[in-house]
Amino acid sequence: MQKFSNATEAALTLRPDVPVYCFRPQVLTADAKSFMEAFPGRTAYAVKTNGEPMVLETLAKAGVDLFDVASPGEFAAVRAVAPKAEMLYMHPIKAQSDIRLALETYGIRVMSLDHEDEVAKILRIVRALDLDPASITIFVRIQTKGHAAYELSKKFGAAPAHAVELLQRCHRIGFKVGLCFHVGSQIEDPETYERALASADWVRNRADVPLAGLDVGGGFPAEYGHDPRRKKPQMPGLGQIMSRLRSDIQDWGFADMPLVAEPGRVVVARAFSLIVRVLLRKGRRLYINDGIWASLSDSWTGKITLPARFIPDPARTRRTGNPGTISAFRVCGATCDSVDILSRPFWLPETVDTGDWIEIGHIGAYSLSLRTRFNGFYPDTFVEVETPFGEAEGYASLETMAD
Ligand SMILES: *Cc1c(COP(=O)(O)O)cnc(C)c1O
């Protein structure tokens with residue numbers, strides 16, 4: 001992979017017409033380590049967030065030895081780069097053949113569920129493979145409530161009374177049992193974990209079975225940009241969220257049991273930026289060479305304002321507008337699909353024009369993993385970059401607008 005000091009250097013050297021991902025292994029290593037240091041338990045990286053081999057390999061080197069996986073493709077991706085790493089199969093609803101593959105071929109011994117039919121499915125395979133149920137830990141996933149860019153409790157999780165029954169049923173079979181939740185992605189309310197811990201405590205007290213662990217899931221928010229016309233949302237940083245979570249874990253009496261977290265977004269978001277090119281400017285609209293069917297789907301559905309940095313093409317000699325004036329530009333994607341327009345504008349100097357580049361920061365989570373080949377566009381060009389996005393030249397001047 002070609003290496004550059006920053007994205008501007010990459011853009012001006014390569015003059016790319018296709019989107020280019022700028023990978024920052026040092027940033028990924030640092031963010032993974034700081035999560036692991038701050039969380040009072042084991043860290044299982046959620047592979048779906050970004051399962052690229054370069055990411056999994058860098059994480060394994062940084063000391064991540066536990067991965068949250070959901071499919072045969074993810075089992076194989078982890079095994080390929082980190083053969084000794086342990087995997088947690090935390091998808092509550094699994095295909096029978098995938099359960100068999102996990103137990104038999106990959107030696108996975110931790111799974112989650114939220115329904116008795118899933119207990120029956122797992123038990124059938126455990127019996128067929130002649131495994132001891134006591135060698136397997138089943139995490140019962142409980143429903144949670146809260147605010148996040150992506151709510152997940154409408155889809156997964158057992159109501160508290162149902163979770164009590166499931167814990168007791170799994171315990172009676174001889175499985176080790178634990179409790180888990182996943183509050184959704186990019187939480188928007190720091191109380192979210194406490195509410196989930198309160199439910200977990202209620203379930204634990206009613207179930208009255210020995211618990212092998214508590215898994216608090218993911219959801220830890222990454223830093224993005226914000227709309228300068230609106231008040232900056234009062235969301236505390238990871239440090240504060242973690243110290244709050246640590247004290248909530250104490251207060252609810254979970255500090256003495258094995259704990260797991262499954263962060264995805266917060267670990268990998270800053271590790272990539274994306275250089276896109278302005279294919280055409282039409283008034284206040286920019287048509288770029290990426291979009292919602294490629295790298296920008298998460299920002300579209302999650303209504304996330306992405307931090308954007310202007311990389312002017314020095315070959316353009318005539319420009320109109322004041323370079324110091326930052327304006328909102330509507331961003332249209334590369335495909336011929338009419339919905340391929342971002343839900344949030346980019347904030348850029350008004351001189352931006354056809355042929356210029358834009359570096360989109362903090363794009364490591366749910367970008368590469370959600371790319372499609374729709375309309376024949378599939379961004380797949382990578383370079384390595386040393387300087388963190390926020391420290392790059394031209395970013396500081398826009399900080400008030402796009403931090
Ligand atoms: C997606 C997912 C995660 C990761 O969520 P982030 O918000 O990216 O941290 C963790 N656990 C489960 C079960 C998930 O589905």
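Both ligands and their constituent atoms are indexed starting at 1 by order of listing. Just so it is clear, the values below take in all heavy atoms, side chains as well, and ignore hydrogens, waters and symmetry mates. Residues take their numbers from the sequence shown, with the count starting at 1.
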>> Does the Lys NZ or Arg CZ of R246 fall within the cation-pi geometry relative to F39 - under 6.0 Å from the ring centre and within 45° of the axis?
In response: no

>> At less than 4.0 angstrom from any non-hydrogen atom of P263, what atoms of ligand 1 do you find?
In response: 9 (O)

Enumerate donor-acceptor pairs with a distance under 3.5 Å from any side-chain N or O in residues 82-92 to protein atoms, sequence neighbours excluded.
| from | atom 1 | to | atom 2 | distance (Å) |
| --- | --- | --- | --- | --- |
| E86 | OE1 | R42 | NH1 | 3.2 |
| H91 | ND1 | I93 | N | 3.1 |
| H91 | ND1 | I93 | O | 3.1 |

> Looking only at side chains, do T305 and D227 share a donor and an acceptor under 3.5 Å apart?
Replying inline: no

> What atoms of ligand 1 come within less than 4.0 Å of a heavy atom belonging to A46?
Replying inline: 3 (C), 4 (C), 10 (C)

> Quick one: does G219 get within less than 4.0 Å of ligand 1, heavy atoms only?
Replying inline: yes

>> Applying ring pair (Phe, Tyr, Trp, His ring centres under 6.0 Å) as the test, list every pair that has at least one member in residues 197-217; sequence neighbours left out.
In response: none

>> Within this structure, what is the CZ-CZ distance for the pair R169 and R172, rounded to the nearest 0.5 Å?
In response: 7.0 Å

> Would you find more than 12 non-hydrogen atoms of other residues, nucleotides or ligands less than 6.0 Å from R330 atom CZ?
Replying inline: no

>> Only heavy atoms of R265, strictly under 4.0 Å: list the atoms of ligand 1 that pass.
In response: 6 (P), 8 (O), 9 (O)

> Strictly under 4.0 Å, does any heavy atom of Y366 approach an atom of ligand 1?
Replying inline: yes

> Should you measure from each heavy atom of T49, which atoms of ligand 1 turn up under 4.0 Å away?
Replying inline: 8 (O)

> Taking only heavy atoms of S185, which atoms of ligand 1 are found under 4.0 Å from at least one of them?
Replying inline: 6 (P), 7 (O), 8 (O)

> Just going by heavy-atom distances, which of H91, K48, K155 is nearest to atom 15 (O) of ligand 1?
Replying inline: K48

> Among R141, H182, M90, which residue places a heavy atom closest to atom 3 (C) of ligand 1?
Replying inline: H182

> Which is it for D313 and R277 under the salt bridge (Lys or Arg N to Asp or Glu O under 4.0 Å) test, yes or no, and what are the steps along the way?
Replying inline: CA-CA 10 Å; D313 181 358; R277 193 157 203 188; 3.4 Å; yes

> Any N or O of G264 that comes nearer than 3.5 Å to an N or O of ligand 1?
Replying inline: yes

> Is there a donor in the side chain of R24 and an acceptor in the side chain of S273, or the other way round, less than 3.5 Å apart?
Replying inline: yes

> Using a heavy-atom cut-off of under 4.0 Å, does the side chain or the backbone of D68 touch ligand 1, or both, or neither?
Replying inline: side chain

> For ligand 1, which atoms, with element, lie under 4.0 Å from some heavy atom of E262?
Replying inline: 3 (C), 4 (C), 9 (O), 10 (C), 11 (N), 12 (C), 13 (C)

